[in-house]
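Within every chain, numbering begins at 1; the chains are lettered A, B, ... in the order of the sequence lines, protein sequences first and strands thereafter. The figures here come from the full heavy-atom set of this structure, side chains too, leaving out hydrogens, waters and symmetry mates. Here the structure is a predicted model, which means the values were calculated and not measured.
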Amino acid sequence: MAKPKLKAHVINREWCKGCGICVHFCPKNVLELDDTDKVFAARRSDCICCKMCELRCPDLAIEIETEQDD
Amino acid sequence: MKNKNIKFVQGNEVCVEGALYAGLDFFAGYPITPSTEIAELLSYRLPQKGGKFIQMEDEIASMCAIIGASLTGSKVMTATSGPGFSLMQEALGYAIMAEIPCVIVNVQRGGPSTGIPTHVSQGDVNQARWGTHGDHAIVTITASNHQDVFETTVDAFNISETYRTPVILLYDEILGHMRERLLMPEPGELPLVERLRTSVREGVDYHPYLPREDGRLPMSDFGGVHRYNVTGLFHDMWGFPSDNPKIVHGLLRHLVDKIQNNVNQIARYKEYFLEDAECILISYGSSARSANHVVVSRRPRGERLGLLELQTLWPFPYDLVREKCANAKYIVVVEMNMGQIMQEVRKAVDQPEKVFLANRIDGVFITPTNIRDILRLIQGKGV
Amino acid sequence: MAIKDFIRERFFPHIWCPGCGHGIVLNSLLRAIEKLGMSKNEIVVISGIGCSSRISGYVDFHTLHTIHGRALAFATGVKMSLPELNVIVPMGDGDALAIGGNHFIHAARRNIDLTAIVMNNRIYGMTGGQYSPLSGYGILATTAPYMNIDYAFDTVELATAAGASFVARSTTYHVQQLTKILRQAILHEGFSVVEVLSQCPTYFGRKNRAGSAVDMMEYFKNHTTPIGSKAKKDHPDLIERGVFVEKEMSEYCSEYDKIIEKAMKGRT
């Protein structure tokens with residue numbers, strides 16, 4: 001199976017509560033909270049699309065879109 | 001010729017026959033005297049028609065289980081007595097709030113607490129009315145003989161389906177355990193009200209809690225094409241929680257009005273010699289048998305006695321009682337408690353001071369002699 | 001279908017606090033259901049009262065939000081009346097095992113095909129942080145200001161002893177395992193119990209200096225281990241994760257069908 005290629009970090013800022021779970025557990029340190037405590041992809045190119053942020057988000061606020069998803 | 005439709009049975013058995021006639025599909029219960037025979041018989045009879053019986057771990061669970069089963073489209077019932085009825089009160093309130101058709105039989109015994117389990121009482125009348133917390137309306141019906149037990153049981157199902165409400169069948173130990181004749185009605189002889197289901201098609205917005213113009217709420221069974229929410233919280237027309245004051249007010253009014261505005265449709269009663277009665281006995285349940293005996297036996301001696309037998313206790317038919325009692329000199333409420341219905345009769349009539357109580361509260365059935373003695377006292381004749 | 005197709009989006013963001021583990025349980029549950037390929041009309045979610053119980057309002061299935069502790073009793077009525085439905089019962093620790101403890105053991109004993117999820121955050125969150133039967137000795141709570149002196153139930157042992165035919169435990173940190181276990185539990189024919197160690201940073205965390213949601217999940221990561229691992233032998237205090245019980249046993253509704261068959265014999 002080919003490695004999934006990242007298309008986008010789809011972040012729902014309305015739903016994100018800034019708990020920081022995704023930021024802390026990201027294995028590649030891709031994510032950060034901005035000054036309004038909403039998550040954003042600070043180091044997008046480091047993302048390996050493991051989707052652990054998506055799976056652990058208590059607010060269903062982050063989704064990793066990959067080209068394989070199409 | 002032998003009529004195979006004539007049975008000589010216990011009242012609890014009659015209740016079972018009535019429930020099956022009405023289309024009972026699901027029963028959950030817990031053993032308790034003096035209602036246990038209902039569970040025993042249904043454990044035998046229900047699977048014979050493909051219905052389901054389950055003995056739950058307590059009465060709380062029994063009440064909850066029938067609510068769950070009702071949501072799948074089944075006609076449901078539970079049966080209990082005294083302490084078990086106390087345990088059911090919270091879930092009964094849920095059924096009122098979520099508008100779940102279901103029938104709860106309480107074969108009354110003496111209380112409070114464990115009380116006097118194998119003896120008769122009518123002490124749960126007010127508990128049936130106000131047992132669960134919060135403002136609400138409730139339907140409670142009863143009967144005094146086996147033919148009427150059958151009919152009121154069928155009617156309980158009909159009312160619960162019509163108004164989407166729990167209905168309490170408030171029988172008592174004497175009715176439950178006494179044996180007498182029952183003439184089984186033929187299929188089709190008594191009208192049956194079936195579950196009103198929505199005609200809203202799949203994909204079209206269905207409002208489970210939006211009453212039609214006639215006040216009825218068509219249901220959609222769990223497992224069907226409409227997925228909605230059911231909750232004990234105040235809720236909007238989709239069933240989702242709301243604390244919007246308008247919605248809260250509107251729902252509470254609806255829950256109460258759908259019963260209170262239909263007092264006359266729900267009211268069941270029987271009357272004997274009321275036209276010229278100077279003294280009207282008001283009674284219900286098994287005590288109405290003794291009251292009736294007094295009336296029928298004293299009439300030939302010229303005593304102008306009459307009997308108003310109430311079958312619907314809640315919503316209490318205040319207007320009916322006021323009209324029927326307008327010309328009476330005395331009104332004597334015959335019941336086996338400390339005057340629970342007497343209080344309502346006093347509220348109903350123009351002169352509460354002419355309402356008296358003939359009761360027994362010692363676990364012993366009230367006899368015609370007991371009633372006669374009290375009538376003599378009221379009339380100043382001594383015992 | 002994407003997991004968004006299984007939620008009622010108009011009620012999001014949900015009411016749970018930032019970092020609440022219950023949202024992660026919801027997330028895993030939706031993924032487990034997504035993989036099952038069932039129709040939404042075949043699924044019923046029944047909950048009681050508490051933070052955990054709000055889960056039913058957020059999912060687009062037939063949903064029944066009941067009274068405190070009694071969700072399994074309602075579920076028993078739904079399932080028995082219409083056994084073809086898949087009935088999932090998410091509960092909190094107090095809901096499932098304090099007020100609902102009796103229904104829990106009896107549903108397990110009957111082996112009725114329900115999926116019970118115990119979202120265990122060791123506290124009553126909705127009422128503001130009182131101790132629950134899963135808090136355990138030494139814990140602080142608003143009703144245990146000095147210290148809790150109750151011992152906790154072990155949900156897995158309790159469920160096993162009561163007769164549940166599928167018993168598992170995972171945590172909100174181990175989301176892949178959790179999703180897999182939830183899927184197995186739903187597919188299992190019989191009473192399934194899944195205990196999920198879940199974090200309540202707002203009340204349990206703050207009262208017990210357990211840190212943030214992240215710290216509490218780190219704790220789940222570092223203080224749990226797969227069943228029968230070597231680590232468990234070396235560190236007996238580790239909490240085991242995985243499927244503890246999975247056995248084939250006759251299921252209650254199927255047994256009742258046989259009763260119906262027996263009762264109907266010679267009658268039609």
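Summarising the local packing, NZ of C:Lys180 is surrounded by 12 or fewer heavy atoms from other residues, nucleotides or ligands at distances under 6.0 Å. For C:Glu9, the CD atom is densely surrounded, since the number of other residues' heavy atoms within 6.0 Å is greater than 12. Open room surrounds CZ on C:Phe153; 12 or fewer heavy atoms of other groups in view lie less than 6.0 Å from it.
Contacts of residues 11-21 of chain C with chain A at a heavy-atom distance below 4.5 Å involve C:Phe12, C:Pro13, C:His14, C:Ile15, C:Trp16, C:Cys17, C:Pro18, C:Gly19, C:Cys20, listed in sequence order. The stretch residues 199-216 of chain C places C:Gln199, C:Ala213, C:Val214 near chain A, each with some heavy atom under 4.5 Å from a heavy atom of that chain.
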TODO: Mind running side-chain contact (heavy atoms from CB on, under 4.5 Å) on C:Lys4 and A:Glu63 for me, showing each step along the way?
DONE: CA-CA 11 Å; C:Lys4 293 259 162 69; A:Glu63 203 180 323; 3.6 Å; yes
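For A:Arg56 (side chain) and C:Ile24 (main-chain N/O), no donor-acceptor pair under 3.5 Å exists by modelled atom type.
Looking at heavy atoms from C-beta onward, C:Leu30 lies in side-chain contact with A:Leu60 at the 4.5 angstrom threshold.
For a residue to count as touching a neighbouring chain, one of its non-hydrogen atoms must lie under 4.5 Å from one of that chain's; by this rule A:Glu54 touches chain C with backbone and side chain alike. With a 4.5 Å cut-off on non-hydrogen atoms, C:Leu178 does not touch chain A at all.
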